[in-house]
Protein chains: 2
Amino acid sequence: MTDLLRTSRVCYARFMGVTIKDVAREARVSMASVSRALNGTGAVRKEIRERVLAAAERLNYVPNSGAQSLMTRRTRTIGVLLPRFHGEFFFELIRGIDSAARSRGLHLLVSTSHNDAGETRQALRAMVGRVDGLLALLPHVDAQFLHQTLRGTLPIVLLSTADIEHVYASVRIDNFGGAYAMVKHLVACGYRSIAHISGQPDNVDTEERARGYFAALAQELPDAKPIVVQGDFTEESGYKAAQELLRLRERPRAIFAANDMTAIGCISAIMEAGLSVPDDVAVVGFDDIPTARFVRPALTTVSVHIADLGARALECLASGIEKPETLSSITEIVPADVVVRDSCGARRQSRGAGV
Amino acid sequence: MTDLLRTSRVCYARFMGVTIKDVAREARVSMASVSRALNGTGAVRKEIRERVLAAAERLNYVPNSGAQSLMTRRTRTIGVLLPRFHGEFFFELIRGIDSAARSRGLHLLVSTSHNDAGETRQALRAMVGRVDGLLALLPHVDAQFLHQTLRGTLPIVLLSTADIEHVYASVRIDNFGGAYAMVKHLVACGYRSIAHISGQPDNVDTEERARGYFAALAQELPDAKPIVVQGDFTEESGYKAAQELLRLRERPRAIFAANDMTAIGCISAIMEAGLSVPDDVAVVGFDDIPTARFVRPALTTVSVHIADLGARALECLASGIEKPETLSSITEIVPADVVVRDSCGARRQSRGAGV
DNA sequence: GACATAATTGAAAGCGCTTTCTGCGAAAAG
DNA sequence: CTTTTCGCAGAAAGCGCTTTCAATTATGTC
């Protein structure tokens with residue numbers, strides 16, 4: 001009767017799956033032998049193995065991974081903590097992480113949008129027992145917070161997160177170097193007044209990029225006065241910041257936006273004001289998101305190989321899980337280099353080069 | 001001694017976290033009371049609760065979610081199966097799923113790139129015991145496969161996957177309607193020879209979009225001969241297909257690409273051939289990925305509200321998990337409507353309207 | 001053929017947690 | 001003052017699995 005019911009509403013009822021016990025009964029062996037036969041651990045007579053395999057097949061047995069990892073203390077899953085799931089930066093990042101994870105047979109448990117420390121804490125706790133390690137991009141959270149929230153329970157690799165004391169392994173972008181190189185490039189293009197639209201406040205990336213801007217300006221253009229407008233990495237903030245810059249008595253000749261989306265918003269504002277990019281104002285970004293190629297004029301930007309960054313972080317974590325001693329407080333810096341396209345004006349003579 | 005070691009290499013050693021047993025000992029109560037106090041289930045005297053909370057705080061106790069869900073049979077996690085993690089379509093989709101999941105306090109376990117049935121099977125099995133339900137976008141897998149791989153073990157919602165017998169709940173795009181409307185729009189623009197670059201073979205979306213193309217053409221332009229070139233949803237395939245179409249004796253006046261990336265590749269090829277889009281050849285896409293707005297000319301396309309699609313699917317699944325009886329074999333179709341931008345030429349008179 | 005040795009197998013002990021179920025003392029009812 | 005009820009705490013039974021450990025059987029040696 002019950003069986004009939006089950007069969008007739010297969011995709012409604014949450015009837016419990018068949019367990020190892022059922023397989024054992026079906027194969028007339030012990031649970032232990034089923035486990036051994038299925039996992040290939042320990043010695044099992046050929047005949048028994050076949051009987052187990054057949055029984056498992058017949059009953060359509062699927063082991064409960066949750067229970068499995070409770071015993072083995074291995075989940076083959078990596079937790080990924082991101083601040084939000086928005087914008088191509090994160091997409092590229094997770095794509096890189098995913099591809100590296102896949103090639104190692106690891107799953108990804110993602111958790112996003114932790115607006116405050118409480119939510120982050122919650123998310124971190126929810127990971128315990130479900131993952132073997134953590135990959136965290138938490139701009140507004142410091143190592144101390146992590147330390148006291150999960151005191152070494154889980155191996156963790158930080159992605160461009162503030163960790164002054166170098167307690168955790170981290171891989172980060174060479175924000176300073178990239179920004180420096182970009183400003184230098186703008187100077188080389190001949191621009192003498194270069195403004196900066198900064199990123200979200202209280203963010204390591206924001207600070208380092210701004211630092212690169214100031215440093216390069218001081219070095220390359222000692223007489224120029226830095227001009228900085230606050231943004232927040234969004235297209236909209238770029239739009240508004242550009243409007244603000246255009247209202248200035250002395251309009252800057254070039255704008256270095258803290259990221260590509262900001263630069264894109266910036267370009268819209270400039271074009272709407274009836275001006276040309278790069279002829280009237282040059283605009284450059286940071287990140288090299290896929291869209292940077294498609295936008296017109298194609299965006300000159302700092303390529304950080306976002307997907308590689310994610311992949312490197314995962315590799316780092318994965319090997320740290322295998323051999324905990326390798327996961328020391330190493331900080332890996334991935335390089336960032338200028339990609340020249342059309343929005344900076346460097347290619348003005350060689351038009352049509354496209355892409 | 002051991003403790004000293006632990007402290008000094010906090011992020012190396014994988015010392016087991018503190019368990020509910022430790023908290024119980026520390027608070028001088030039973031494990032049962034700790035559980036009750038922490039979860040707020042069952043009655044606990046105020047004094048005991050406070051003692052437990054204090055002990056948990058002192059020991060920095062984090063419950064093991066894996067063990068928890070083994071008992072409760074609830075993981076508060078949704079499994080997401082995607083064919084690959086590439087392109088903005090998937091990004092938008094997962095963004096929608098993620099935002100819906102977050103607002104319901106659910107986690108996401110993602111699994112991608114299942115190239116063959118074996119891998120898919122593997123991935124499906126790895127989900128059992130880790131998730132409460134499944135969201136699957138598996139173009140080359142049919143309901144029968146799913147049925148026999150996990151026979152109703154998990155509630156599942158299909159995303160534009162072939163499910164002829166309507167065994168599973170599914171939410172899909174109105175591919176046919178969108179394609180039909182787009183071709184109709186092109187006819188309304190005055191084009192009389194309209195080609196189609198199809199998508200990846202053996203894909204439901206591909207087939208339905210092509211079907212929409214044929215139907216609209218037959219209806220709106222009975223005398224026109226359909227021209228179809230095989231693509232595979234990539235930018236490159238669009239590029240190549242366009243070259244092929246341009247070599248035709250009678251060059252088509254408009255091209256309906258099966259998706260936006262194909263259309264973008266298509267535009268590149270046309271421009272490289274020294275022709276103008278839309279003046280010489282109009283190009284339109286399908287999906288409305290974020291980049292469609294930024295590409296020049298801005299892409300006329302069929303908006304499928306990808307993120308909404310993902311969110312709807314998650315809602316559907318979540319409510320199906322709560323009340324299994326609601327998760328019948330309902331098929332939800334999300335509408336797809338034409339978004340007119342510049343690449344179709346409809347706006348030629350009103351230039352500069354942008355974005 | 002009797003013994004030591006090796007190969008298999010099953011019973012049982014958990015992994016860390018929740019949840020009955022039982023028992024206790026206190027409050028309410030008689 | 002006794003009996004009934006009730007609120008609360010702890011013991012213990014698992015969830016589905018792996019993994020000792022001891023028991024069993026098969027194999028090899030003298």
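Values reported hereafter were calculated over all heavy atoms of this structure, with side chains retained and with hydrogens, waters and symmetry mates removed. Below, chain A is the first sequence line, B the second, and so on; all start at residue 1. Just so it is clear, the structure is predicted and the values come from calculations on it, not from any experiment.
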Query raised in the report: Taking the side chain as C-beta and beyond, is there a heavy-atom pair between A:Pro155 and A:Leu134 under 4.5 Å?
Result: no
Query - Check ion pair B:Glu26-B:Arg51 (N to O, under 4.0 angstrom) - result: no
Query raised in the report: What is the distance from CG of A:Leu38 to P of D:dG16, rounded to the nearest Å?
Result: 16 Å
Query - Basic-acidic side-chain contact under 4.0 Å: A:Glu92, A:Arg95 - result: yes
Requested in this report: Inspect the surroundings of CD in A:Glu332 and state if more than 12 heavy atoms from other residues, nucleotides or ligands are less than 6.0 Å away.
Outcome: yes
Query raised in the report: Please give, in whole Å, the distance from D:dC17 C1' to A:Asp22 CG?
Result: 13 Å
Report summary line: A:Asn64 atom CG is separated from D:dG16 atom P, nearest whole Å, by 7 Å
Every protein N/O lying under 3.5 Å from an N/O of nucleotides 18-27 of chain C:
from	atom 1	to	atom 2	distance (Å)
C:dT18	OP1	B:Asn39	ND2	2.9
C:dT18	OP1	B:Gln68	NE2	2.9
C:dT18	OP2	B:Ser35	OG	2.9

Report task. Ignoring the backbone of A:Ile48, work out which of C:dG16, C:dT9, D:dC8 is nearest its side chain. Result -> C:dT9
Requested in this report: Identify the residue among A:Met127, A:His107, A:Arg130 that makes a side-chain contact (heavy atoms from CB on, under 4.5 Å) with A:Thr77.
Outcome: A:His107
Report task. Measure from the side chain of B:Arg45, starting at C-beta and using heavy atoms only, and say which of D:dC8, D:dC17, C:dT9 lies closest. Result -> D:dC8
Report task. Can you tell me the distance, in whole Å, between the CZ atom of A:Arg25 and the P atom of D:dC17? Result -> 13 Å
Report summary line: In whole angstroms, the gap separating C1' of D:dG7 from CD of B:Glu47 amounts to 15 Å
Query raised in the report: Are B:Asp132 and B:Arg76 ion-paired here, with the side-chain N under 4.0 Å from a carboxylate O?
Result: no
Report summary line: When rounded to whole Å, the NZ to P distance for the pair B:Lys21 and C:dC15 reads 6 Å
Report summary line: From NZ of A:Lys46 across to P of C:dT9 the rounded distance in Å is 14 Å
Query - Length of the CG-C1' vector between B:Leu70 and C:dC15, whole Å - result: 9 Å
